[in-house]
Amino acid sequence: MACLEVCKEGKLKEEQEEACTQDGSVDWHGRPAIKAKSGQWTAGIIILLNQGLATLAFFGVGVNLVLFLTRVLDQNNAEAANNVSKWTGTVYIFSLVGAFLSDSYWGRYKTCAIFQVIFVIGLVSLSLSSYLFLIRPRGCGNQEIPCGSHSGLEITLFYLSIYLVALGNGGYQPNIATFGADQFDEDDPKEGHSKVAFFSYFYLALNLGSLISNTILGYFEDEGMWALGFWVSAGSALAALVLFLAGTTRYRHFKPSGNPLSRFSQVLVAAIRKCSVDMPPDTDELYDIDGNYLPMNGNRKILHTDEFKFLDRAAYISTRDVEEQKKGTHSMWRLCPVTQVEEVKCVLRLLPIWLCTIIYSVVFTQMASLFVEQGAAMKTTVSNFRIPPASMSSFDILSVALFIFLYRRVLDPLVARIKKKGSRGLTELQRMGIGLVIAIMAMVSAGIVECYRLKHADKDCMHCEGSSSLSIFWQVPQYAFIGASEVFMYVGQLEFFNAQTPDGLKSFGSALCMTSISLGNYVSSLLVTMVMKISTEDHMPGWIPGNLNKGHLDWFYFLLAGLTTIDLIVYIACARWYKSIKLEGKTTENIDDQVSFKL
């Protein structure tokens, strides 16, 4: 009836209900959101523009960070690659912090706003510290002018600044993706289709923002104009924040659902307390709440599933539970509703899929570190123009844009026609598997290019940037393969985790994608460290030495191809085992088929 109070009088009841969203979203004032006055593509476009500007700001720092560390702070290749991996990993670890605060207490709008403010502060601090302390003498940090030494305080201020950037971007990133999806009512067929499309356009906006930073900002920074690049990033982040706040009254919101850790703990404690009881064969006897929505937070109920049956004990109604309910002293630490139990099951089912995405992220992170170092050791000049190695990631972005178009307009409709009538095209799980296959191709391509680069390299060079006669444009295939794999893997991940997490954990679902990238960076750093430790025994230069012409970077790429192949095999097994979430009030027919790995 709350929806009817908001809608205008003089209309039929059906028309009044139709005027408001059906998914439980509310407007800025906490009232049921009216479809015509909130959300949809008006709010969605604001969020897409915000994402593009914020991404431009973030990659204005991240894309050339490895070169900043080597040229300005005088770190060697392996140390710089490790520091970039750790920093990038920390960005995505902070996504868990943002997701927790969003789902539990603040809501997605407030969380996005607060972390964007932190993001701007970090970028301004980085710009100031670079201009005042690190870029000395002026113009240093290019290939020709080395920078002077720096004090411990100056280095500390630099790291404080970039980790403020990591905190701000990390806490904002998973919530803005989910907040954008919130603007579309998935219970409405038309808006539900727009919601699926939003994730593709979101990832496209992310890549278009990084395209500008990789080309224009990358060129300025490569020429030693680091402070200018960082100031542009700070300005872009500020513009993104102002644009986000400008759309405040148009957004749709979902109320936070409280601390998920306590809900999960209650299920585990209640199940353990009843570990010795004999469970009834009929699941209808388990404790549940009437209706399609939970009265405490408005989230949709989840239907019972047969996996992880031990947890069903948390919903078993014992004699003591009946007595406590009569007295009104029912404790959630002894008896939990089925939906609360299923929340835990949903997360447990997602974990094997999520773990299989980490190795892919190891492959992906090479684009910001070793690909750049490899490109710097190749021929980077065309006539008198020098191509910044980091700008080669523009081909990754162009590949993303191309394959998003090909997937949405060609491949997906084609597969849908081939499959049975009324079926979707490729499911999220199938797309993620295809992404792994293409990632293997990317690493094999990078390894082959490195083999040929070494054949044309001067192994006795002192400063080995541009020491190989092999053109940097031979890197185009490996960047293009990475871009194609992202469309299948990361867009598929965003859709999959958003769709398969319970209503009270949507930001957590997006954070899983970010955390996968985070752990991929840490695993990459660990792999580099292990490879260097093993390969430098007996006074050998190692696979990834300061002078890449004396190493075997190609062997490292082939190692990653092998690890990704093993990961693909494990992933196929996990994907075939996975069962979809089933929500009360939604048609369960063909739900498993929509996320199934089987064709």
(Q) Can you classify the ring geometry of Phe100 versus Tyr105 as parallel (below 30°), tilted (30 to 60°) or perpendicular (above 60°)? (A) perpendicular
Q. Does any N or O in the side chain of Ser130 come within less than 3.5 Å of the main-chain N or O of Ser127, such that one atom is a donor and the other an acceptor?
A. no
Q: Can you tell me which residue pairs pass the salt bridge (charged side-chain N to carboxylate O under 4.0 Å, His left out) test with a partner in residues 438-451, sequence neighbours excluded?
A: Glu450-Arg453
Q | Approximate separation, where rounding is to 0.5 Å, of Asn169 CG and Leu164 CG | A | 12.5 Å
Q. Of all residues at least two apart in sequence or in a different chain, which pass the salt bridge (Lys or Arg N to Asp or Glu O under 4.0 Å) check with Lys345?
A. Asp312, Glu342
Q: Hey, can you tell me if Phe202 and Phe198 have their rings parallel, tilted or perpendicular (30° and 60° cut-offs)?
A: tilted
Q. If only atom types and distance count, is the side chain of Thr427 paired as donor or acceptor with the main-chain N or O of Gln430 below 3.5 Å?
A. yes
Q.
Under a plain distance cut-off of 3.5 Å, with no hydrogens placed, do Asn175 and Ser102 share a side-chain donor-acceptor pair?
A. yes
Q | Main-chain N/O of Leu512 paired to Ser516 side chain as donor or acceptor, under 3.5 Å | A | no
(Q) Quick check on the 6.0 Å ring-centre criterion: do Phe244 and Tyr172 meet it? (A) no
Q: Using modelled atom types only, decide if a donor and an acceptor are shared between the side chain of Ser210 and the backbone of Asn207 within a distance under 3.5 Å.
A: yes
Q.
For a quick test of reading the model, state the closest non-hydrogen atom pair linking Tyr571 to Leu429 and the distance between them.
A. OH-O, 2.6 Å
**Q.** Partner residues of Glu307 under the salt bridge (Lys or Arg N to Asp or Glu O under 4.0 Å) criterion, sequence neighbours left out
**A.** Arg349
Q) CG/Leu398 to CG/Leu208 distance, rounded to the nearest 0.5 angstrom? A) 9.0 Å
(Q) Please report the interatomic distance CD1(Ile397) to CG(Leu402), rounded to the nearest 0.5 Å. (A) 13.5 Å
Q) Which residues pass the ring pair (Phe, Tyr, Trp, His ring centres under 6.0 Å) test with Trp555, sequence neighbours left out? A) Trp543, His552
**Q.** Sequence neighbours excluded - salt bridge (charged side-chain N to carboxylate O under 4.0 Å, His left out) pairs with any residue from residues 152-169
**A.** Arg136-Glu154
Q | Residue pairs, two or more places apart or on separate chains, that pass salt bridge (charged side-chain N to carboxylate O under 4.0 Å, His left out) and touch residues 350-375 | A | none
Q: For Tyr490 and Ser485, run side chain to side chain donor-acceptor pair (under 3.5 Å): C-alpha distance rounded to whole Å, both residues' side-chain angles, the deciding distance at 0.1 Å, then the answer.
A: CA-CA 8 Å; Tyr490 282 142; Ser485 69; over 6 Å; no
Q: Just jot down the salt bridge (Lys or Arg N to Asp or Glu O under 4.0 Å) partners of Glu495, sequence neighbours excluded, or say none.
A: Arg431
(Q) I'd like to know if the side chain of Thr90 reaches the main chain of Lys86, judged simply by a donor and an acceptor atom lying under 3.5 Å from each other, with no hydrogens or angles considered. (A) yes
Q. Where do Met392 and Met378 land on the side-chain contact (heavy atoms from CB on, under 4.5 Å) test, with the steps shown first?
A. CA-CA 12 Å; Met392 290 298 293; Met378 301 173 76; over 6 Å; no
Q) More than 12 heavy atoms of other residues, nucleotides or ligands under 6.0 Å from OH of Tyr452: is that the case? A) no
(Q) Quick check: closest heavy atoms across Phe481 and Ala442, and the distance to 0.1 Å? (A) CB-CB, 3.5 Å
Q. What pairs of residues pass the salt bridge (charged side-chain N to carboxylate O under 4.0 Å, His left out) test when at least one of them lies in residues 107-128, not counting sequence neighbours?
A. Asp103-Arg108, Arg108-Asp182
Q. Would you say the side-chain atoms of Ser399 pair up with the backbone N or O of Phe395, donor to acceptor, closer than 3.5 Å?
A. no
Q: Measure from the side-chain N and O atoms of Asn259 to the backbone N and O of Ser104, and report whether any donor-acceptor pair falls under 3.5 Å.
A: no
**Q.** Pairwise distance OG1(Thr70) to CG(Asn83) - rounded to 0.5 angstrom
**A.** 11.0 Å
Q. Are Tyr407 and Val491 close enough that some pair of their side-chain heavy atoms sits under 4.5 Å apart?
A. no
Q) What residues, two or more places apart in sequence or in another chain, satisfy side-chain hydrogen bond (donor to acceptor under 3.5 Å, both in side chains) together with Ser524? A) Gln366
Q) Quick one: ring pair (Phe, Tyr, Trp, His ring centres under 6.0 Å) pairs with a partner in residues 60-80, sequence neighbours left out? A) Phe68-Phe158, Phe68-Trp226, Phe68-Phe230
**Q.** Partners meeting ring pair (Phe, Tyr, Trp, His ring centres under 6.0 Å) with Tyr557 (sequence neighbours left out)
**A.** Phe371
**Q.** Shortest non-hydrogen contact between Leu494 and Phe199, atoms and distance
**A.** CB-CD2, 3.8 Å
Q | Inter-residue atom distance Phe310.CZ - Leu268.CG, 0.5 Å rounding | A | 8.5 Å
Q) With no hydrogens and no angle check, is any side-chain donor or acceptor of Ser129 less than 3.5 Å from a backbone partner on Leu126? A) yes
Q: With rounding to the nearest 0.5 Å, note down the distance linking CD1 in Ile155 to CG in Leu160.
A: 13.0 Å
Q. Would you say the side chain of Ile353 lies within less than 4.5 Å of the side chain of Glu428, judging by non-hydrogen atoms?
A. no
Q | Met489 versus Thr357, closest heavy-atom pair with distance | A | SD-CG2, 4.2 Å
Q | Contact check, side chains of Leu563 and Val362, non-hydrogen atoms, under 4.5 Å | A | no
Q: Show the numbers, then the answer: is there a side-chain contact (heavy atoms from CB on, under 4.5 Å) between Met432 and Leu436?
A: CA-CA 7 Å; Met432 290 159 67; Leu436 283 172; over 6 Å; no
Q.
Looking at every non-hydrogen atom in both residues, tell me the closest pair between Ile581 and Ala499 and how far apart they are.
A. CG2-O, 3.6 Å
(Q) Looking at every heavy atom in both Thr565 and Ala561, which two are closest together, and how far apart are they? (A) OG1-O, 2.8 Å
Q. Thr178 side chain to Pro174 main-chain N or O, any donor-acceptor pair under 3.5 Å?
A. yes
Q.
Can you confirm whether Tyr360 sits close enough to Glu486 that some side-chain heavy atom of one is under 4.5 Å from a side-chain heavy atom of the other?
A. yes
**Q.** Check: Ser525 side chain, Tyr522 main-chain N or O, donor-acceptor pair, under 3.5 Å
**A.** no
(Q) Test side-chain contact (heavy atoms from CB on, under 4.5 Å) on Ser507 and Phe254; report intermediate values, then the result. (A) CA-CA 11 Å; Ser507 293; Phe254 285 91; over 6 Å; no
Distance-only donor-acceptor pairs under 3.5 Å for side chains of residues 54-62, two or more places apart:
unit_1	atom_1	unit_2	atom_2	d
Thr55	OG1	Gln51	O	2.6
Thr55	OG1	Gln51	NE2	3.2

(Q) Quick check on Phe558: does its CZ atom have over 12 non-hydrogen neighbours (other residues, nucleotides or ligands) under 6.0 Å away? (A) yes
Q.
Do Phe119 and Leu241 have side chains that approach each other closer than 4.5 Å (heavy atoms only, starting at C-beta)?
A. no
(Q) Ile121 vs Ile118, test: side-chain contact (heavy atoms from CB on, under 4.5 Å). Steps then yes/no. (A) CA-CA 5 Å; Ile121 292 172; Ile118 296 173; 5.5 Å; no
Q | Heavy-atom side-chain proximity of Ser95 to Gln173 below 4.5 angstrom | A | no
